[in-house]
Every structure is written in C-alpha cells, then in structure tokens.
Amino acid sequence: MQIPIEYYLVLSAFMFSVGIVGVLTRRNAIIVFMSVELMLNSANLALVTFSSYLGDTTGQLFVFFVMAVAAAEAAVGLAIIIAIFRNKLTVNIDEINILKW
Amino acid sequence: MLNNIQEFYNILPIVILGGGIILSVFIELYSQKSESVLPWFSILIFLSAGFYSLLTVANESIVLQNMLSTGGRTNIFYFIFNIGAALVCLLSVDYTKKYGMNYGEYYILIQSSVLGMMLMAGAKDFFMIFLGLEIMSICFYVLAGVNRKKEKAIEASLKYFLLGAFATGFLVYGIALIYGTAQSTSIDIITSKFTELSGNIIFLVGVLLFLIGFSFKIAAFPFHMWVPDVYQGSPTTITGLFSTIGKASAFAAIIASLTALFSGGFQSLFLPYLSVLAVFSMLFGSIVAIAQSDIKRMLAYSSISHAGYILIGLASGTPVGVAGVVFYLAVYTFMNLAAFGIISLIEGENDANLEIDTYSGLGSRNPVLAALLSLIMFSLAGIPPLAGFFAKYYVFIAAIKSGLTWLTILGIVSSLISVYFYLRIVVLMYFKERETEITYSKSFSGMLGVVISVLLVILLGIFPGSLLDLIIAYL
Amino acid sequence: MIDLIYLTVLFPLLGFLFNGILGPKIRSEKVIGIVGSSAIGIPFIVTVGALIQTLSLPVDQRLNIATLFQWINVAGLNINFSYQVDQLSLLMSLIVTGVGFIIHVYSIGYMHGDKSFWRFFAYLNLFIFAMMNLILADNFLLLFLGWEGVGLCSYLLIGFWYDRKFENSTTSSAGLKAFVVNRIGDFGFLLGMFLIYSTFGTLVFTDVFSRAVAFDVPEHIFTLIALFLFIGAVGKSAQIPLFVWLPDAMAGPTPVSALIHAATMVTAGVYMVARCNIIYASAPTAMMVVAVFGIFTAFLAATIGLVQNDIKKVLAYSTVSQLGYMFLAMGAGAFSAGIFHVMTHAFFKALLFLGAGSVIHSMHEAQDIRKYGGLKKYMPVTYATFLIAATAISGIPPLSGFFSKDEILWYSYSNLGIIFWLLGLITAMFTAFYMFRLYFMTFEGQEKFSAKGGSEVGGDHHKLHPHESPKLMTVPLIILAVLSIIGGFIGIPEIFSGEHGNIFHSWLAPVFKLAEFKMMNISSHSHFEELVLMIVSVAAAASSIFFARHIYLKKPAIAEKFSSGFKGAYNILLNKYFIDEVYEASIVKPMVKGSENILWKIADNKMIDGLINSLAKLVGSVSNNIRKIQTGVAQSYALVMILGILVALFWIIISYS
Amino acid sequence: MEQSLLITYLLAIPLIGSLLLIFINKKNEQLIKYFGIAVSLLAFVVSLIIYFGFNDQSGEFQFIHKFDWVKDLNISYHVGADGLSIILILLTTFLTPLTLLSSWNSIKRNLKEFIFFMLILELGMLGVFVSLDMFLFYVFWEAMLIPLYFISGIWGGERKIYASIKFFIYTMAGSLLMLVAIIWLIVYSSNLLGGFTSNLLDLYKTGPTIDTTIQGFLFLAFALSFSIKVPLFPFHTWLPDAHVEAPTAGSVILAGVLLKMGTYGFLRFNLPLFPQASIDYAIPISILAVIGIIYGALVAMVQTDMKKLVAYSSVSHLGFVMLGIFALNQEAVQGSMIQMINHGLSTGALFLLVGMIYERTHTRKISDYGGIAKLVPFFSFALLFTSLSSIGLPGLNGFVGEFLILTGAFKSTVLDSWWFAAFSATGVIFAAVYLLWMYKKIVFGEVTNPNLNSLTDLNRREKLVLAPIFVFIIWIGIYPGTFLKITDKTSENIIRLVTSPQNQLPVENVDVP
C-alpha cells in the first residue's frame, strides 16, 4: 500500500518550518547555517517524493545538484564564519552589528 | 550534446567565459605578477564575450537540450553583464592595490560570477536558473569579504551569506513544489500548463516562493534589509558589481522564467504582489536615503528605490514593460558603476572620505570629478536630457499603458523625494566651501572606467533609440 | 490750419525733449525759458488759426478729425492717434495754450535762480503735451493717455523741490498722494471705458455718441457708465471724497499750482463730462449725483477756505469750491454754462495764484497771510490785478466771474430747484468773504510782517523789504486781469443780449445738441425771475465783501473773538474736517498693517511656506525613525523577510481558496 | 511643409557656443565675456531673421524641422514656431546679451562657468518655446532647471542654498505630475492614432476627445506645473526667495523669461489640448489670478528688500497675464501675449537697475537709501521710467497689455462677470503705490545714509544695457502694432481651438485604458 504523498509533503513542510525557526532563534552563526542546510534538505525530500510519485527522474537529478550546491555553500560559509571568529572572537550574530541604520 | 557546429557558435560567449576562468587559474598558479596581468586579461575576456554576443544577437536558438536559449534578449543581457564586469575590473585595478587585496582570485571570482549570471539570463529550465544563481551567489559571498582585514567587509559577507542561503532555501522549495505540480522543470512546459494549473494552490505557492527567492536578490522591499549593510561593508567596486549586474541578472532570471506568467490572464494573479513590492521599495528607498550620512549607504538605499521603478515595469506585464525593464537595467548599470567608480577614486585609505560632507567644495578642487558625479546624480534623479530620465519615462509609459496610473503617480512622488538627496551631493560639491583638504588617489584606469560609463549614460540619454530598438526587435 | 492741429501736441513734446535732454548743458536760463514758452506759444497761434478756419466753416461741418497713425488694433478695438477739432476742443485748447503760455512767461521770472531750472520747464512742457492730448483726443483711450499723463506731470511738479519739507512731511510724499488719489479716480474711469467698449463695441467719441442715441441701451447701463466716468472726474477734479490731494498739491512751485491746479488739469474732469454729455443726459440719476456732489463740494470747500491762514491753501480750497460749481452746472444740464465758468475761472484763478506767487516771491517764501499786511504800497500792480481777480471771483458785475457764476446759479434754480440755488448762493457769499478776507489781510491794513523776520525756508536772512516783482511777472498779471474783465462779455445771458446774444452758448450749442434733444425738460421760467435772482446774488456778494472789510480792516479783534468763541467749529474747519486723518486711519493704516502682518508674515511665510517646510521636515523625521529598522542584526532581517513571506502566502491562500 | 533649418541653427548657436567656451582658458576673462556676448548676439540676429521670415497671416506653425529621435515611441526632434513662440524667442535672445553685458564685473568668481550656464540656460529656454514634440518639450522644460539652479546656487546671496533647492524641488514637483499627464495623454491617443506618438499636432486632435472628467484631471496636472512656474497665487512662495538670492543676471532671466514659460505652457498645451476643461476651470483659475494680483501688490507694498518688492510685483503682473489667458477672447489673449513681453522688459530693467545700485552699495534694504536723486540723476530717471512702464502708464508698454487684458476680461463670455476686471483694475492703483513708494524712499528726500555720497552715476556700459530696453518700452507703448500683428492669427487660432474644438478623428467607442 503506497504511502499517500501528503505524508511526505507534510513532513518536508514541517522540516522546512523547523529550519526557519532555527534560523530565526539561534544565536550561533554555525547553528543558523545548519538550520539553513536543514531547509535545503527538506526541499530535497519534497523533490524526491514528487520524483518518485511522478515516476520521473528529473527530481532526483535536481536533488544531486542541490546537494552539490549545499556542499559548496557549506565550504564558503564556514570559511567566512572562521574569518569572523578570527577577527572578533565571537560567532554570536547579535554582536556582529557594526553596520546599522 | 552539441548536435552541430552552429550551436557551438551560439553558446560561444559562455565558452569564452569558461575558458577564461580556467586560463586565469593557470595564470594565477604559474606567473608571479599575476595580480597585474589578470585584471587586463579578464577585461579582454569580458569585452570579447560581450561584443561577440552583441554581434550574434540575431541568431536565436535553444541549445543544450532546451536548457539554454541564446540570441535575442539573452545576448543583450550577456552584453550588459560583460560590459559591466569589464568596467568593474577597470575600476578595481588600482582600487585593490589601495586596500592590499589585489590577489588574482578576485578577478577569477568575478569571471565565474558573470558566468553564473549568463547561465541564469538564458535559462530555459529551472535547473539552469538554480545553477546560475548559486554560482553567482557563492562568488558574491566571497567577493563581499575579500578584504579580510576590514571588520566591516567580513560582517557584510557573513550577513550576505546567511540571508542569501536562507533565500535560496525558499527558492529550492518553490522549485520543488512547481516541479511536483507541473511534472517538469522546463519553463516552456510549465508555461504551457499555466492555464489549468492556475487553480492549483500548491503550484501558486511554489511560484510565490520562487518569486520570493528572487525578490531577495533584486532587493525588493521586505527582502531588502541586507542591501545597506552589504553594500556599505564590501569594497566599493564590488558593491558596484552587486548593485548593477548582480541585480540585473536576478531580473533577467525573473523575466526568463515568469514573463509568460505575468502577461497572459494571470496578470491579475501576481500584479498586487509586484505593485506592493514596487511601491514600498521606491518609497522606503528614497525616504530613508535622505537620513544617510555615508554615501555608499545612501546609494544602497537609492538602488532599493530603483529596484522599485524596475518592478513597476515588471508589474505592467506587457512586452513594452519588459523592454522598459531591460533598458532601465542597462542604463542603471552604467549610472551606478560610474557613481561607485567615482566614490572608489575619492575613497581614502581605510574608509576615509566616505562621509557625505567630505564631498563639500569638491567643485572647486577637482572640477572634472565633480562635474561627472553631478551628471550622474542628475541622471539618477531622472532629470532629462540624461539616460535616467528616459529609462523612467519608458517604464512609466508601460505602466500607464496597462492602467497602473496610480503606481506611476507614487513613482513620481518617490522620484521627487529622491531628487532632494541626489541634489544634496551636488549642493555640497558646488555651493559649499570646505576647509580641510582631502587626498584621493590618482588612478588612470579608474578614471577611464568612470569616463566610459558616464559617456555611455550620456549616449543612452541623447540616443536612447540605439539600444531600445535593439531590445524591442528581439523581445 | 485744422490738419496742422497735431503741431499743438508735437511742439510741447519737442520742448520737453529739448529741455529735458539738453537742459542741464545749457547754462543760460534765457534760452531754456524761450524754448519752453515758444513750445506753448506756437501751438496757441495754430489753435487761433484753427479757430478762425472753423469759424469760416458752416455750423454743421465744424467737427473734423486729423488722424496720425494707428495705435492699437486688436479684434473689435481699433484706436488711432487722431485728434478731433470741434468747438469744445478748440475752446479748451485756447484756454490751455493761452493761459499756459502766460504762465510759462511768468515762471521764467518766478523760477529765476533755481538750480534745476531746465527740469521745471521740461516738466511743464510735458504737462502741456499731455493736456493737449487729453482735450484733442478723438477717443477715450487717447484721452486716458492724456488723463494719466497730466497726473504724472502733477506728481513730478508737486515733488519738484524733492528735498524740501512740506507740512511735517516731504513734497515728494505730497506728490505721491496726488498721483495715488488720481490713480483711484483713473480706476473708475477705466471701468467706465470697459463698460462703454463692451456695450458700444468702440471707444471713438463720434461712434460712441451716435450709437448711444441709436442703440436702445437700458438706462441703468448709461447710469453706470456715467457714474464710473464721474469717479474718474472726481479723482482728477478733486471733488468729494477725493479732493484731499489738491490742498497738498500746493507743495509745488506757485506757477504749477496756477497752471495745473487751477486752470487746466483740474478742469479735465469737467471737460470729460461735457464731452460725454449725451451719456449723462440719458442718465438723469447720474446727473443728479453729479449735481449733488458738485454743490456739496462747493459748500464744504468754501467753509474750509474761510479759516485757512496760508495764502495758497485759501486759493486751493477756492478752486475746489469753484470746481464744485462747474459740476453743479453739469448736473443741471447747463453744459455750456459749466464750460463758460471753466474759462472764466481759468483766467481769474490763474491770476490769483500768480498774484499770490509774486507776493510770496517778494516776501521770500513766507506764505502765512497773518504775517502780511499793507502790501498795497509796495506792490501796486500785484495789488491792482489781485483786486480785479478777487472781485471777479466774487461775482460782482461786470467782471467775468459774475456772468459765468450767475448763469450756473440760474440754471441750477431752473433745472434743479431752490435748495441747490440757495446753497449756491451761500457758497457764493462765503467765496466773496474769504477772497476779500485774504485781500484785506494781505494788501490793506498795517504791516504785520516784522522788519527783521525772514523767510523760514532757504533764502538769505537779510532784512525783509517787499518789492514789486519784475516785469516778466507783472505783465502776465496784467494780461490775465484784462481777460478776467472782458472774459464775461462773450457769454452775456439772453435777457441782456437778446435772442442769440450769448455768443459762447451758440458757439458750443452744436456740441451739446444731442444732450439738449434728450433732456427737453427745460421748465419755462420768466426772464423776470432771472433778473430778480441776479440782483439777489449780487447783493449777497457785495454785503459779504463789506462784512469782510469791516472785520479785517476796521476791527481785527472781532476775528479773534469769533475764532476763540466758536473754538470747536474753528478747529474743525482749520483741520479740514480731519478728512486726511480719517482716510489715514480708516484705509491706509489698516491696509499697510494688514498686508504686512497678515498677508506677508502670516499668509506667505507661515502658511504656504510653513506648509511646505513642515512637509519637508515630516519626510526627514519619518526617514530618521524608519532608518531604525535596520538594527544591524542578521536575524532581524530574516524576521522581516519571514513576515513579508507570511503576508504573501496569506494573501495567495485567501485569494485562491 | 518644407523643412527650414533656421530654428535648429538658433538652438545650435548657444549649444556650440557653450561647448567652444570650454576650450577658452580661464585666465583671459575679457575674451570669455566678449565671446559670450557675441554668441548671444548671434542668436539674436538669427531670431531677427526668423522674425522677418515669419508670415503673420497664417496661424500655423512655421519653420518646421523634424527628424526621428526614438522611432519606437515615435518621439521626434520636431521644432516649429508660431506668433507666440516668435515673440518669446525674441524676448529671450534680446534679454540674454543684455544680462551678460550687465554682469560685466559683478561676477568675480569662475566667470567661465557662469557664461557657460547662461548659454545653456538660453538653449533650454529657446528649446521650450520651439519644441512641438511633447517629449522634447519636457526634456527642455526640465533640463532648463539645472543651469539656473547652478547660477542661483553658486553666485547667489547668503541663503542661496535654501532658495535654489526650494526653487528646484518646487518646479520639479509640478513638472513630474505633468509628466504623468503627458504619458497618459500619449497612451490614450495611441489607441486612436495607432501606436505611440508624442507629436503635439496629433495630440491636438486627440486631446479634445477625452471625456470631460479625465480631461479635468489632465488639465489640473498640466495647470499645477505651469502655475508653479507662472507663479499663480498659492504656488508663488519660491519666487521671492529665488529672486533675492539669485545674482542680477539670474533674476533678470528668471523674471524676464522663465516666468513666461508657465503662461506659454497654458497657451500652448492646456488650452488647445483640453478645451472643455479649460472652459470649466477658467473661473477658478481667474479667481486665483485676481487674488494673485491684489495679494502680490499688497505684500509688495510692505517689503523692505528691493528685490523682494519687485518679485512680488511680478506675481501681481503675471496674475494679469493669467486673467487674460482665461478670459478666452481675442483682446484678452492678445493682451496677455503682449503683457508677457512687457513684463519681461519692465521687470527685467527693474532688476538690472537694482543690480546696478547693489553693485555700488551692496545693500538691497530700501531703508539704507534716501535722496540719491542729486547723486545719481540718470539712475533716478531710469528707475522712474521703468517704474512708470511697470505701473502701466499709458504711452508706455505696460498699459497696452493691461488695458487689453482688462477689456477682454470685462467683456469675456466665459467669465461673464464684471468683478474680475473690476478687482484686478484695483491692481493698477496698488502698482502705483508700491513702486512709487519705493521710488520716493530711495530717490527723494535728503541723503541720510553717509556712505551714499560715494555713489557714481551709471557708466556708459550700463546705459548701453538699458537703452535698447527703453527703446522697446516706448515702441510697444506708442506703436504696439508691430508685435500685436505677429500674435494676431496665433491667438485667434488658440481661441478657435478652445471654443470650438473640431476633432477630425472619427471617435469610435474608445475604451479608456
């Protein structure tokens, strides 16, 4: 018995909103970055679900691209966070606010 | 893959760019004085790609298994991106020396970001759009923080990275939903299915999320918060890159993917979204710009309000509107590049001379620069006979043609407010005297870049027909 | 000679240009004087020639027009610089050029030694140019050009000695007052012209008057036109309520007062009313208004004249009063009588002023008659001519004053009623009284001027010894005296001269025949009544002369008793019923204060500017606190994005659920 | 219609002149001054050729020269002139050399830029008067702001920054609203004419077909922009500041020509394009004009600064012109056209004189002066003569215009009430009061202020500046036919367009966008 598609979609939507809440509430830059990755993965989940239900491979193909991009983003993001840390000895987003108004 | 030689010629600009990037990496690896060679090499690459695409604007075709379209509007965008990038490199030749950040990678990153833009502009498939967008964004995140020593730059790149990735999350989720409902990621198939899908809420949410992803990129009102900080933090030439061709590429992607959506019967669907965004960005941009004391931050807010004007063109949803948007992007690119070019020339060592009052009395001390900057300021304010005016005029025609008179009136209210803060710079330069002397670097290439862009602005102002006919011919 | 009439206008202009441009370079006053006077003399000769030629023409062809060139030609309005030579304009130009010439000669003497001698003659010639334009014009617009031109020249000439004080303010402010009050009158005249143009479609006299008869225009339009034009006349000829400028006009040199404020300019209003007789005739209410204003001004001015102590002020109020008489004549429909009084008044009033001028000249600018006395033996010619003029103005036969004034009184009695006649009689008595009061205080009685007292204004303080004025000044006096005597004989009323005896009346009759035809309401009064009234008026005048002689010659104490007795009344009259102060307080002060505080400070600066500046400040403050949204923390940016997204999602779901 | 390049030459002269100016080096100021005057005189000569070549029997546009600029929007460089443009061109090219001559030594700092901006300003003004393409008109209309902004900003008085920004934003606000109206009109007529066109002559055909309510809004949009420029009553507060702070040359050109742009705009665009709305709004605008006349005169009476007084007098004089335009009959419109020239001459001369005395004493306060008649006789004569022309003394130019306007307003069927002419005629009285009051305080009386004794009378150059203006003041006063003849057919044409708009277009069921 095939699991109806809505279950997966609800799961991915839930994961997506968890990611959003993570971005909004957490202070640490790395945690924020992880929650963004979480959002991306929830999108991957949705893509895979659609691809399997539609019996069409483009969705899965797209997931590969998304994962590749996520990896690249991770590399660059962490490099930036390290640069911030080396410079200001903190990764807490609230303290990174020289540029304002 | 390449089913015939003609297809190869069509995608030659992208090939030139790709080859350029690889060659630059080799140059960076093997030659010692790569810092002085690379800028001119990348300018050469950009110019050749730009003019080649201008020459072959006639042969429109779909290549790479209808992943990418070439010719027509795409080539025009290619031309804008490459000329803009060439000017950025020209401006940053001496600028990078001033800040000690003239590593070779700076230019490689610019070249790869332009490659990403070109992919986005010509995309016929959401794959290509996502891919192009990500290539560009990642290069931008790094370019923002190129000057590691400067605290502001790093902060800017962090903010840009976090919020950029956040927006990409929405984009991908949007694409997923669209793919789910339309069973394909190719834009043509999706547009053909618009009619029956217009009732499907999942599809509409998908399109909305996709649009939100890009609204972040073009800095429309609710998603603009990152712009002032990133533009102020990152090096001036890079800010020029972000605000001009970075924004233009985002618009190009929206046009590539969603024009069918905006015109057709669906205009009423997303019209409210676009016009609300346009109104808020215009008014917010110009009102807050008045209170700014740093010139880069002021220009950041002015770029937000210009995004609003371009959105008016999009909201009109007609081919005339799209032509208006393309023309506006071209003019806006050259205006902003000239403005940021002049600021980069005047900028002292560590962020000196960025305060607006440092510009007072410039008229008497350096008349040429002052004249160029005031020309640009008048053009940004949209005063004839400069290009800024014609761009706004054309966009307003498109808006009124599709009945958005009230939007145009709000448009002129915001441009009236913007006249004040653009004029404040001119007032400071010519009407006020300044006691203390400010030092600024003499840089031939920087000046050349500025002069070229100002000439382009004046040219487009006096003969708008030259570019406009081209755009309309290949709508 | 008629088509050379434009010379009468051209020569004064040339005189003005010559004196105006070359004047400062020519040192000798002789050349300037000769050029100035001949610029008026030659036009006098041309006018006489034209008169002779017109006399030779048959009665009905005596109106011819000499057109120079086109002035304004827009749509219906077709105005040319063209001059109309008919009985009325010839008569007026005779007066203007004749009396003008005499006064020019006189002023060569009077203004001797003045440093801007050339400027005086330039302005006088310009005045004659404007006056000739006024009386010779063949359309209302050219008349208006002359009308404002004379106003300008009176402004220039009143303020001629621009650095001298005049009654606690400067001569130039007196000039400005004259110009502004004239301008108020011109405002009314303008409205009259507009109404004429919009009803008759033209401004040329001949067409307007022929259409006035032909078109069946409702009477209230005629009344309105007449009243508007009358406002202009009131402004120009100093009737109530706009007469306040004439007494102040005495700030100018005496020849100016003689020429402008006695003989010519002030009579422009009377000429205009006479010229538009058909309009007034077809508006009886307007005629009544003119008459009432006339008699009331005459009476009021006469009362003020009784107590004035400055010689020129007395004459000024007497002019206002005589003008009142002329308008009374116009109001009574006796146009030719009015014009006759204009002529005679020009002669004796000019003489009075010139006489006063020679007195002031010899007394070194002292003008207060209480300091005069017994000048008879020092200045015989002035004394004699002054006496003739005084008797003439009082209306003692056989002098000209009697004929013209009596005719007016008779017509006012026959056309308007007993009250007008009675008031006219009382005014005549007052006139005789103050004229002879002036005469006796100046020429008769013992010398009240202290030997060593000098002139308060300029001049050296050497011992004061009055002397007769030089030849140049006395000859004009004599000529004018002769004219005052014989002037009356050309207008002898029918009862003495038989059916067509009154030459003057028959000469002007064609000009006014349209009005006569319209009025037709002459009630038939017998000659006997006319004779009786004539005797009564002469007796009244003679008695007031003796009464004045009794007070001012025999017992001056009575005058003191009178003035101290009726302290209040005396004071009111002396300060001319405080009219100036009333105007100042009621109109000028509120307007100036109002426009300064309310209009400028509040309306302009506060309201309009305030509104815009506050708008700008509002935008500035809004931008300052919106700016605060950019807190700098990346998460708050993300929060704003999410809010935006939620709103968008919410909107999509609602609109499509 | 044969193409005549005369007007293009007229526009080219100041443009090429200003560009050549850049190559003259800053040092030899004499050459710069002579060059500037030579260029503007050359422009005057060309405008005279145009004047003599103009056939005043036909009310149509002449000297048309047209070529495509932006093909897609059918925007073309389309210039031509009719009677109204000819007299205004003559006024511009007549006043500019005089202003340059008058600011011979009053402009000390960077003279080259000053002459450059003056020539560009002249180009902008001429452009506005000759352009027959709405887009081209708008380009010149706005571009002309920049040079004047710089002139009053760089060489102005103390509060020059506030005044120049206020002037710029004030005019900009009005013209932006007009831009929306222009675009709306172009879009609307694109349905009727098939495709965008901003050619004024075509728009004259489609304008009247718009239904009255929308026509009303468009009329108001245009009217706002022009009445700020005129300035009509409530929008006039920028004028006194702009005048006080601008240098002499700036205020002469500002008063002489720039204020006429507003009235020119009403005659060229508002009336013919929106005939029904013009008739509906004739009375409200005339009420504002009459208020402007009286308000301007009253406030002028209490001014302490000479330039402010003359500025408010301009508000009053242009109130007359507006009244003339909206009386909508031949006399009034002719009167308003001639009055534009008169105001240009008399107020221009007044500003020149104020500038000349300011050069000597560096104060514009009326109270600082007194009794200078003896010291500077020619100046006093000149000031009196100009004040009289400005008051409207018959025989001088002011009267001809004022009389025609008031007669027209009196008998105008559109206003159909006497009160307009009656109330504005009181302006004639106030004009006399404030100008002669100022004249009395400055010229007559004793010399109170000691440092006035060093005053020198006008030198030959200054007399040379004033002479031509005085000649024209007398010429228009005595023989206005020369100028009335030119604008005769044009005003007839405009009135015909307004009172009986014959729209050649077959009006199908136009769907309003």
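Just the heavy atoms: all of them, side chains too, but no hydrogens, waters or symmetry mates, feed the values below. Residue numbers start from 1 in every chain, and the chains themselves are labelled A, B, ... in the order their sequence lines are given, proteins ahead of strands.
Remark: side-chain polar atoms of C/Asp248 are not paired, donor with acceptor, to backbone N or O of C/Ala174 under 3.5 angstrom. Not a single donor-acceptor pair under 3.5 Å links the side chain of D/Lys308 to the backbone N or O of D/Asp241. In this structure, the side chain of C/Asn78 does not engage the main chain of C/Asn73 through any donor-acceptor pair within 3.5 Å.
Between C/Phe144 and C/Phe140, the ring centre distance reaches or exceeds 6.0 Å. For C/Tyr83 and C/Tyr6, the ring centers are positioned 6.0 Å apart or more. Centroid-to-centroid, the aromatic rings of D/Tyr434 and D/Tyr312 stay 6.0 Å apart or farther. Aromatic pair D/Phe385/D/Phe470: centroids less than 6.0 angstrom apart.
Contact check for C/Leu229 versus C/Phe189: side-chain heavy atoms found under the 4.5 Å cut-off.
When heavy atoms are compared at a cutoff of 4.5 Å, D/Trp238 does not approach chain C at all. Residue contact with chain C, scored on non-hydrogen atoms closer than 4.5 Å, involves the side chain of D/Lys166 exclusively. In this structure, chain C has no heavy atom under 4.5 Å from any part of D/Phe381. Both the backbone and the side chain of D/Ile391 come within contact range of chain C, with heavy atoms under 4.5 Å apart. For C/Leu68, no part lies under 4.5 angstrom from a heavy atom of chain D. Heavy-atom distances place no part of C/Met607 under 4.5 Å from chain D, backbone and side chain included. Contacts between D/Phe235 and chain C at a heavy-atom distance below 4.5 Å are absent for every atom of the residue. Of the atoms belonging to C/Leu145, heavy atoms from both backbone and side chain fall under 4.5 Å from chain D. The contact between D/Gln334 and chain C is made entirely by side chain atoms (from C-beta outward), counting heavy-atom distances below 4.5 Å. Only the side chain of D/Tyr162 has a heavy atom closer than 4.5 Å to any heavy atom of chain C. C/Lys593 does not touch chain D: none of its heavy atoms, backbone or side chain, sits under 4.5 Å away. At a 4.5 Å heavy-atom cutoff, the contact between C/Leu203 and chain D is made by side-chain atoms alone. For a residue to count as touching a neighbouring chain, one of its non-hydrogen atoms must lie under 4.5 Å from one of that chain's; by this rule D/Leu484 touches chain C with the side chain only. Neither the backbone nor the side chain of D/Ser491 has a heavy atom closer than 4.5 Å to any heavy atom of chain C. Neither the backbone nor the side chain of D/Asn329 comes within contact range of chain C; no heavy atom of the residue lies under 4.5 Å from a heavy atom of that chain.
Contact count against chain C (heavy-atom pairs under 4.5 Å) is highest for D/His236 among D/His236, D/Met301, D/Glu492. Considering only heavy-atom pairs separated by less than 4.5 Å from chain D, the leading option among C/Thr199, C/Val180, C/Leu77, C/Asp609 is C/Asp609. Note: C/Asn613 leads C/Asn613, C/Ile598, C/Thr171 in heavy-atom pairs under 4.5 Å with chain D. Chain C forms more heavy-atom pairs under 4.5 Å with one residue of D/Trp418, D/Tyr479, D/Tyr170, D/Tyr295 than with any other, namely D/Tyr295. Chosen from D/Leu393, D/Val400, D/Ile478, D/Asp488, the residue pairing most often with chain C at heavy-atom distances under 4.5 Å is D/Ile478. In terms of non-hydrogen atom pairs under 4.5 Å with chain D, the most contact-rich of C/Tyr162, C/Tyr197, C/Phe69 is C/Tyr162. Of the residues considered (D/Ala300, D/Gly481, D/Gly371, D/Ala373), D/Ala373 shows the highest number of contacts with chain C, using heavy-atom pairs under 4.5 Å. Among D/Gln330, D/Lys485, D/Lys411, D/Glu331, the residue with the largest count of heavy-atom pairs under 4.5 Å with chain C is D/Glu331. Interface check for chain D: of the options C/Leu142, C/Leu195, C/Leu190, C/Ile612, the most heavy-atom pairs under 4.5 Å are formed by C/Leu195.
For the pair C/Lys177 and C/Glu584, the salt-bridge criterion is not met [side-chain N within less than 4.0 Å of a carboxylate O]. Note on D/Lys307 versus D/Glu245: no salt bridge recorded, every NZ/NE/NH1/NH2 to OD/OE distance being 4.0 Å or above.
Considering all non-hydrogen atoms of both residues, C/Trp118 and C/Asn19 come closest at CE3-O, 3.4 Å.
For C/Ser173 and C/Thr170, the side-chain atoms include at least one donor-acceptor pair closer than 3.5 Å. A donor and an acceptor atom, one from each side chain of C/Asp138 and C/Ser82, are located under 3.5 Å apart.
Annotation: cation-pi pair D/Lys463/D/Phe378 present, NZ/CZ under 6.0 Å from the ring centroid and within 45° of its normal.
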